[in-house]
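First, the structure itself, so that you have it in front of you.
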Amino acid sequence: MKIALIGQDIPTLLPTLLTDLLFVGRQSAQVALEEKNAAMQAVLQRYGEKVMADAAARSPGLKASMLVTGSRREVLRDADCVIYAGDCMAASRYRMDREALSGVKEDDPGLIEQARVNGGIGGLLHTLRQGEMVLDLCDAMREECPDALVVNLGQPVGRTTLMFEQSGFRCYGLGRTPLRGANGLDSLVKKLSCKEKDVQATIAGLPGFSFLLALRDAKNGDELLPILVDMAEEEQLGRLTKRWYDWYGAIAIGDVTDHAEWLPAQEDFIPEAEPEFGEGVERRKERILWMNTVGEKGAKEQEGQMAQLLLLSKAPPIRPMQLALALLTGTDCDIPAVTRFNQGELPQLAKSAMIEAELSLRGGKAVPHGTLLPAPLVEICGEIDETNHLAARAAAGDRTALRECIEIDPALAGLDRLYVQDVVEKMIELHSDVISRLTEDEE
């Protein structure tokens with residue numbers, strides 16, 4: 001089995017990727033990682049080899065190898081699975097979007113609330129930039145590993161997953177998990193004086209727009225959701241959570257500000273000026289230090305063990321390797337918050353909808369749960385999903401899809417759509433050094 005790792009966020013995920021592959025999955029494999037920086041190549045190569053040596057010592061018969069190279073073709077060649085976790089200079093490009101959408105006068109706010117990561121105008125530009133990277137990767141994959149499975153972490157995850165699928169690849173996505181964070185499942189159950197392992201939760205919706213639809217005590221089956229509903233109505237879960245409940249009859253889960261990105265401007269909510277994209281500079285320095293420690297001391301010595309534990313403790317909570325192995329080996333499993341085509345999981349939405357919900361595999365095949373959404377949620381999810389499909393097509397150079405996306409996007413409600421079209425065209429020109437598919441016909 002060969003696993004190809006592509007994208008600038010892969011190094012932060014590498015500790016959990018290797019742990020899930022070698023220590024949890026006990027899977028022999030060749031791991032190939034794309035890294036352009038020569039110094040970082042050496043760090044990652046040493047680190048990976050030491051972790052693999054430790055795994056082989058613990059599990060005789062396990063065979064694993066590590067290749068870190070700047071050659072994308074070599075990384076992809078004959079890969080069974082590609083894990084993608086990339087973006088196009090996300091932080092600096094977001095700042096460019098925000099500046100372009102700001103007002104020019106002191107009393108003119110412009111369209112600053114549309115400076116978003118996943119939805120609205122900002123999310124559309126983010127999608128177009130990602131499209132260049134994702135579709136270039138798909139071109140290389142068609143030559144080197146045309147049958148590879150893709151596990152996608154690239155934001156906006158619903159739209160980038162669609163890009164892989166529209167390019168002919170079987171793709172599953174993992175976005176920011178609704179299980180963690182200020183309004184994640186872990187936080188909500190704490191308010192009930194419960195532990196996450198002691199509850200059964202039903203979470204479903206769209207990527208970045210998921211809702212808690214059921215919550216029960218795992219031991220006695222007691223309904224817990226009504227308690228949270230009472231708390232939501234009393235604004236104990238936050239102002240936005242109450243608003244979303246009033247509108248959609250369900251409790252938004254995960255970072256509720258993500259939900260706001262897909263909706264019209266909220267006069268009392270402004271997106272973050274500096275949202276997090278990957279790891280910060282200080283975190284990166286720490287990670288490199290700890291990886292070097294493992295690479296020099298080994299994962300079995302005390303100092304190396306401590307560095308490895310620190311790396312694992314700081315890793316993002318999403319586990320793409322667990323998903324990849326389950327899909328590749330046909331393991332029976334239940335994995336929460338997986339982005340993929342609906343195919344009946346949420347029967348009120350189109351089968352082609354790109355949803356986020358628990359993935360249950362039995363004998364390698366997905367078993368739908370038939371989860372029902374509140375009626376108001378069905379309508380808005382349909383509108384957002386249609387927008388996502390159009391944005392993904394626009395990223396491939398379809399100007400008709402670009403225009404239609406702007407015309408129907410619910411995040412743009414209340415705005416002059418013709419004016420928005422002009423703004424988007426100017427922003428495409430602003431990013432013309434990295435957006436080529438929509439400008440080729442213009443030249």
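These figures come from a predicted structure and were not determined experimentally.
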Any donor-acceptor N or O pair under 3.5 Å, side chains R176, Q155: no

Under 3.5 Å: donor-acceptor pair, side chain of T161, backbone of Y172: no

Between CZ on residue R399 and CG on residue L438, distance to nearest 0.5 Å: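 Separation between the atoms: 5.0 Å.
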
Listed partners of T127 passing side-chain hydrogen bond (donor to acceptor under 3.5 Å, both in side chains), at least two apart: R159

Atom CZ of R26: over 12 foreign heavy atoms under 6.0 Å: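 At most 12 heavy atoms, drawn from other residues, nucleotides or ligands, come within 6.0 Å of this atom.
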
Sequence neighbours left out, cut at 3.5 Å: what donor-acceptor pairs do the side chains of residues 375-383 make with other protein atoms?
none

Closest contact, heavy atoms only, L135 versus A396: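 Closest pair (atom of L135, atom of A396, distance): CD1-CA, 3.5 Å.
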
Exercise: identify the closest heavy-atom pair between L18 and G48: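 Taking every non-hydrogen atom into account, CD1-CA, 4.0 Å.
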
Between CD on residue E356 and CG on residue L206, distance to nearest 0.5 Å: 8.5 Å

Any donor-acceptor pair under 3.5 Å from E261 side chain to V117 backbone: yes

Inter-residue atom distance R362.CZ - C333.SG, 0.5 Å rounding: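 The CZ atom of R362 sits 7.5 Å away from the SG atom of C333.
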
R417 with E407: basic N within carboxylate O range, under 4.0 Å: no

Parallel, tilted or perpendicular: ring planes of F277 versus Y94, cut at 30 and 60 degrees: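 The arrangement is tilted - the two ring planes meet at 30° to 60°.
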
Electrostatic pair D80:K2 at N-O distance under 4.0 angstrom: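 No salt bridge links D80 with K2.
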
Closest contact, heavy atoms only, P320 versus L174: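 Between these two residues, the closest heavy atoms are CA-CD1, 3.5 Å.
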
K351 side-chain N/O to Q343 backbone N/O, donor-acceptor pair under 3.5 Å: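 Checked: no pair found.
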
Separation of I83 CD1 from L13 CG (nearest 0.5 Å):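 Going from CG on L13 over to CD1 on I83, the span is 8.5 Å.
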
Any donor-acceptor pair under 3.5 Å from E196 side chain to V189 backbone: no

Side-chain ion pair, D398 and R403, N-O less than 4.0 Å: no

Charged N-O contact under 4.0 Å between D268 and R243: yes

Cationic N near anionic O, under 4.0 Å, R129 to D97: yes

Donor on one side chain, acceptor on other, Q30 and S65, under 3.5 Å: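 No pair is found: no donor N or O on one side chain lies under 3.5 Å from an acceptor on the other.
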
Taking every non-hydrogen atom, the tightest pair across A232 and T241: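 In terms of heavy atoms, the two residues are closest at CB-CG2, 4.4 Å.
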
Note: R180-D255 ion pair, threshold 4.0 Å (strictly below):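 No, R180 and D255 are not salt-bridged.
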
N/O donor-acceptor pair under 3.5 Å between E272 side chain and R116 backbone: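 No; judged by distance alone, with no hydrogens or angles, the pair does not exist.
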
Charged N-O contact under 4.0 Å between R46 and E296: no

Closest heavy-atom pair and its distance - M66, L44: CE-O, 4.2 Å

Residue list, salt bridge (Lys or Arg N to Asp or Glu O under 4.0 Å) with R340, at least two apart or on another chain: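 Listed in chain order: E345.
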
Point-to-point distance, once rounded to the nearest 0.5 Å, from CH2 of W244 to CZ of F211: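 Rounded to the nearest 0.5 Å, the CH2-CZ separation comes out at 8.5 Å.
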
Distance, nearest 0.5 Å, that separates OG1 of T16 from CG of L14: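 The CG atom of L14 is 8.0 Å from OG1 of T16, to the nearest 0.5 Å.
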
Under 3.5 Å, side-chain donor or acceptor atoms of residues 140-151 against the rest of the protein: list the pairs with distances, not counting sequence neighbours.
| residue | atom | partner | partner atom | Å |
| --- | --- | --- | --- | --- |
| R142 | NH1 | S167 | O | 3.0 |
| R142 | NH2 | D139 | OD1 | 2.6 |
| E143 | OE1 | R73 | NH1 | 2.8 |
| E144 | OE1 | R77 | NE | 3.2 |

Over 12 foreign heavy atoms within 6.0 Å of CD, Q421: yes

T69 and E34 side chains, donor-acceptor separation under 3.5 Å: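 The answer is no; no qualifying pair exists.
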
Flag for T329-T331: side-chain donor and acceptor within less than 3.5 Å: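 Yes, because at least one side-chain N or O of T331 sits under 3.5 Å from a partner of the opposite role on T329.
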
Counting only pairs under 3.5 Å, give me each side-chain donor-acceptor contact of residues 278-285, with atom names and distances, residues two or more places apart or in other chains.
| residue | atom | partner | partner atom | Å |
| --- | --- | --- | --- | --- |
| E279 | OE1 | R287 | NE | 3.2 |
| E279 | OE2 | R287 | NE | 3.0 |
| E279 | OE2 | R287 | NH2 | 2.7 |

Heavy-atom closest pair, residues V31 and M52: CG2-CE, 3.7 Å

Residue pairs, two or more places apart or on separate chains, that pass ring pair (Phe, Tyr, Trp, His ring centres under 6.0 Å) and touch residues 378-433: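 Ring pair (Phe, Tyr, Trp, His ring centres under 6.0 Å) check on residues 378-433 returns no pairs.
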
